[in-house]
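Report on one structure; see the data block that follows.
No hydrogens, no waters, no symmetry mates; every other heavy atom, side chains included, goes into these values. Chain naming here is simple, since letters A, B, ... match the order of the sequence lines and numbering starts at 1 in each.
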Amino acid sequence: MSKRTKIAAIISSEKANYEATVKGWVRTFRNNQFIALNDGSTNNNLQCVVDFQNTDEAVLKRITTGAALSLVGEIIPSQGKGQKYEMKVSTIEILGDSDAEKYPLQPKKHSLEFLREIAHLRFRTNTFGAVNRVRNTLAYAIHEYFQQQGFVYLHTPIITASDAEGAGQMFSVSVLDKINPPKNEDGTINYKEDFFGRSTNLTVSGQLEAELGAMALSEVYTFGPTFRAENSNTTRHLAEFWMIEPEVAFNDLHDNMDLAEGLLKFCIQQALSKNADDLEFLNQRLAEEENQKPTAERSELGLLQRLNFCVENDFVRLTYTEAIDILKDSNHNKKKKFQYLIEGWGVDLQSEHERYLVEKHFKKPVILTDYPKDIKAFYMRQNDDGKTVRAMDILFPGIGEIVGGSQREERLELLENRMDEMHIPKEEMYWYLDTRRFGTCPHAGFGLGFERLVLFVTGMGNIRDVIPFPRFPKSAEF
RNA sequence: UCCUGCUUAGCUCAGUUGGUUAGAGCAUCUGACUGUUAAUCAGAGGGUCUCUGGUUCAAGUCCAGAAGCAGGAGCCA
């Protein structure tokens with residue numbers, strides 16, 4: 001059996017007039033003669049021309065949408081318009097039939113909602129092929145960025161016992177009998193008899209463990225699955241998603257912002273250079289989708305423009321307090337166009353406020369810092385003003401919060417006070433507090449939601465379409 | 001979880017004030033054509049109108065409940 005050549009290699013090469021073997025799936029079969037074959041290496045199909053007059057009719061009938069084929073033939077310059085090269089097929093082997101009457105993917109446009117119902121087959125569409133190739137580039141870029149800077153990739157646990165972070169509802173992990181679990185005298189479930197001898201959950205964040213690593217290895221990052229049992233039904237939330245969490249000893253909030261901004265720019269840059277074809281396709285897809293909308297709702301920049309704009313411009317950095325002033329003085333607020341009007345300092349910003357800052361006021365990514373301590377987590381470093389903490393959120397157009405991070409509170413006494421105030425059990429967190437007892441030092445880190453990055457770079461509208469098998473309330477099929 | 005809207009053929013949708021046999025385009029199948037690019041032309045098949053209950057002589061159409069989907073909000077990454 002001759003070795004197969006990938007379609008991406010054939011199309012991008014300047015070579016012609018040579019024999020090749022290609023294997024892939026039929027996208028369309030036109031005119032009993034032209035097979036558009038795709039093997040996933042690129043969004044482009046290879047046009048394979050069959051000599052239908054000298055081919056067994058039974059074989060021709062089996063060339064249907066979705067069928068897997070192995071084709072041998074000569075690669076020649078195409079006679080038709082629309083492609084540079086094509087294959088003059090000499091041998092057809094049907095590897096796998098696809099019953100055209102039952103195959104759900106048709107050679108036509110499908111709605112994303114319909115494709116979500118057949119997520120096991122949607123990889124075979126142009127859109128999902130492109131999205132998943134871009135996703136792959138971004139995942140690799142994450143590692144590249146940190147590895148180049150000498151970070152250690154740290155594997156933090158998926159199953160955790162700590163439930164003190166307040167990062168959200170957790171999925172419990174248990175092997176106890178669901179009908180008749182062992183009970184304590186007060187009627188509560190006795191987790192001492194469970195697998196781990198205590199109550200355990202799926203992780204909601206690897207941050208606390210990453211901090212432990214950073215306090216010895218200096219620079220670490222995690223990149224793994226994260227779980228939230230929140231009943232969130234939005235285009236930006238998943239119950240299972242991938243998160244990147246770097247943690248760096250001796251970094252302050254400014255270093256932290258530089259690290260995050262650099263990471264985002266590097267990843268986008270990598271996608272632009274490695275997935276030019278896919279992004280061109282997604283750019284087109286988004287443009288067509290935007291055209292369906294009323295003019296007022298269309299975004300000013302196309303996908304590629306938006307990505308380039310992000311790479312080329314510095315993100316705007318300002319404090320929460322400055323942001324509140326801008327919002328309070330905005331015409332939008334004065335004309336009462338916000339659903340939640342900005343009246344004073346201290347409240348959390350709503351999505352509409354974040355969107356206003358990013359999409360209307362600055363028109364570029366924004367990093368907000370120094371939030372009121374009452375609306376942020378216990379581990380964030382307290383500022384001298386007694387009101388704010390060294391937090392940072394990076395806001396992206398169309399996505400909202402893509403990164404959330406902070407400089408951590410390294411002073412034991414202040415950290416303990418904050419934990420007391422927020423009713424976080426210090427005893428259970430002795431291991432975390434030990435880092436502050438023995439050789440504590442300033443350090444900072446952040447969490448980047450991987451799917452939100454993919455969402456932004458691909459221009460897709462729903463986070464359920466940028467992860468192969470989305471997990472969300474009422475849905476864990478496939 | 002809350003608010004709003006939607007659910008009719010494989011897909012995308014139309015369906016009038018409740019009234020005969022529920023339509024179109026695409027897809028599929030059959031035939032024709034054969035350098036096509038969402039091929040074209042002719043013909044055919046294809047429906048538990050999301051589900052449950054109710055109102056009515058009569059319900060795709062009206063009412064109630066449930067489920068799913070979409071958009072927005074909250075939670076956040």
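Counting any heavy atom pair closer than 4.0 Å across all strands shown, Ile402(A) reaches sugar-phosphate atoms only and no base atom. If you check every strand for non-hydrogen atoms under 4.0 Å, Glu245(A) touches nothing. Among the atoms of the strands shown, none is found under 4.0 Å from any heavy atom of Arg27(A). Residue Lys81(A) is in base contact, counting any heavy-atom pair closer than 4.0 Å across all strands shown. Counting any heavy atom pair closer than 4.0 Å across all strands shown, Phe114(A) reaches sugar-phosphate atoms only and no base atom. Within the nucleic acid shown, Gly80(A) comes within 4.0 Å of at least one base atom, counting heavy atoms only. If you check every strand for non-hydrogen atoms under 4.0 Å, Gln47(A) touches a base. As judged by a 4.0 angstrom heavy-atom cut-off over every strand, Thr226(A) is placed among residues making no nucleic acid contact. Using a 4.0 Å heavy-atom criterion, one finds that Gln79(A) contacts the bases of the nucleic acid, with or without backbone contacts as well. At a threshold of 4.0 angstrom between heavy atoms, the contacts of Asn233(A) include nucleobase atoms, whether or not backbone atoms are also involved.
Rounded to whole Å, the distance from CD1 on Ile76(A) to P on rG35(B) is 15 Å. What separates OH of Tyr340(A) from C1' of rG74(B) is a distance of 7 Å, to the nearest Å. Nucleotide rA38(B) holds its C1' atom 12 Å from the CD atom of Glu288(A), rounded to whole Å. One can place CD of Gln339(A) at 13 Å from P of rU4(B), the figure rounded to the nearest angstrom. The distance from atom NZ of Lys88(A) to atom C1' of rG35(B) is 13 Å, rounded to the nearest whole Å. For the pair Asp51(A) CG and rU36(B) P, the computed distance is 17 Å after rounding to whole Å.
Not a single donor-acceptor contact under 3.5 angstrom links the side-chain atoms of Glu352(A) to the base of rG72(B). Judged by atom type and distance alone, Arg228(A) reaches the base of rA77(B) through a side-chain donor-acceptor pair under 3.5 Å. For Arg464(A) and rC69(B), a side-chain-to-base donor-acceptor distance below 3.5 Å is absent, hydrogens and geometry of angles not being considered. One can find a donor-acceptor pair under 3.5 Å joining the base of rC75(B) and the side-chain atoms of Ser232(A).
Remark: Leu238(A) CG to Phe450(A) CZ distance equals 12.5 Å, nearest 0.5 Å.
Remark on RNA chain B: of its neighbouring residues Pro107(A) and Phe450(A), the 5'-side contact belongs to Pro107(A), judged by nearest-heavy-atom nucleotide. Across the interface with RNA chain B, nearest-nucleotide mapping of His110(A) and His237(A) shows His110(A) to be the residue nearer the 5′ end.
With a 3.5 Å ceiling on both atom-pair distances, rG60(B) lacks any Watson-Crick or G-U wobble partner. The partner of rC69(B), taking Watson-Crick or G-U wobble pairs whose two distances both stay under 3.5 Å, is rG5(B). In this structure rG31(B) sits in a base pair with rC41(B), meeting the Watson-Crick or G-U test at under 3.5 Å. Taking a pair to require two hydrogen-bonding distances under 3.5 Å in either a Watson-Crick or a G-U wobble arrangement, rG25(B) pairs with rC11(B). Taking a pair to require two hydrogen-bonding distances under 3.5 Å in either a Watson-Crick or a G-U wobble arrangement, rU16(B) remains unpaired.
Contact check, Arg355(A) against rA73(B): a side-chain N or O comes under 4.0 Å of OP1 or OP2. The shortest distance between the side-chain N/O atoms of Asn32(A) and the OP1/OP2 oxygens of rA39(B) is not below 4.0 Å.
To the nearest whole angstrom, the two C1' atoms, one in rU17(B) and one in rC11(B), are 32 Å apart. rU37(B) and rU28(B) are spaced 16 Å apart, taking the P atom of each and rounding to whole Å. If you take atom P in rG47(B) and the same atom in rA64(B), they sit 32 Å apart, rounded to whole Å. Spacing of C1' atoms, rC49(B) relative to rU7(B), comes out at 10 Å, to the nearest Å. rA58(B) and rU12(B) are spaced 31 Å apart, taking the C1' atom of each and rounding to whole Å. Atom P of rA39(B) sits at a distance of 14 Å from the matching atom of rC29(B), rounded to the whole Å. Distance check on atom P: rC57(B) versus rU1(B) gives 40 Å, rounded to whole Å. Here, rC26(B) and rG65(B) have their C1' atoms 36 Å apart, quoted to the whole Å.
Arg464(A) forms a cation-pi arrangement with Phe472(A), by the criterion of a distance under 6.0 Å to the ring centre and an angle within 45° of the ring axis. For Lys363(A) and Phe309(A), the positive end is not near the middle of the six-membered ring at less than 6.0 Å and at most 45° from its axis.
Of the candidates rG35(B), rG68(B), rG74(B), the closest approach to any side-chain atom of Ser351(A) belongs to rG74(B). Considering only side-chain atoms of Leu238(A), the nucleotide from rA77(B), rA27(B), rC75(B) that sits closest is rA77(B). If you check rU1(B), rA77(B), rC69(B) against the side chain of Glu113(A), the one that comes closest is rC69(B). In the set rC69(B), rC76(B), rU37(B), the nucleotide with an atom closest to the side chain of Arg30(A) is rU37(B). Of the candidate nucleotides rU12(B), rU1(B), rU36(B), rU36(B) has the atom lying nearest to any side-chain atom of Gln83(A). Checking rG71(B), rC76(B), rG35(B) against every side-chain atom of Ser78(A), the shortest atom distance belongs to rG35(B). Nearest nucleotide to the side chain of Thr235(A), out of rG72(B), rU36(B), rG25(B): rG72(B). You'll find that the side chain of Gln350(A) is closest to rA73(B), out of rU30(B), rA73(B), rU36(B). When distances run from any side-chain atom of Gln33(A) to the nucleotides rC76(B), rU34(B), rU36(B), the shortest one goes to rU34(B). In this structure, of rC75(B), rG35(B), rU34(B), it is rG35(B) that holds the atom nearest to the side chain of Phe34(A).
When the options Phe223(A), Phe151(A), Tyr140(A) are evaluated for a ring-ring contact (aromatic ring centres under 6.0 Å, His included) with Phe146(A), the one that passes is Phe151(A). A side chain to side chain contact (heavy atoms under 4.5 Å, CB included) with Ile92(A) holds for exactly one of Val59(A), Val72(A), Asp51(A); it is Val59(A). Just one residue in the list Gln407(A), Glu219(A), Glu211(A) forms a side chain to side chain donor-acceptor pair (under 3.5 Å) with His443(A), and that residue is Glu211(A).
A salt bridge is absent between Arg135(A) and Asp278(A): the closest approach of a Lys/Arg side-chain nitrogen to an acidic carboxylate oxygen does not fall below 4.0 angstrom. By the 4.0 Å N-to-carboxylate-O rule, Glu409(A) lies too far from Lys373(A) to be salt-bridged with it.
Judged by distance alone, with hydrogens and angles left aside, the side-chain atoms of Glu86(A) form no donor-acceptor pair with the main-chain N or O of Val49(A) at under 3.5 Å. Between the side chain of Gln207(A) and the backbone N or O of Phe446(A), no donor-acceptor pair lies under 3.5 Å.
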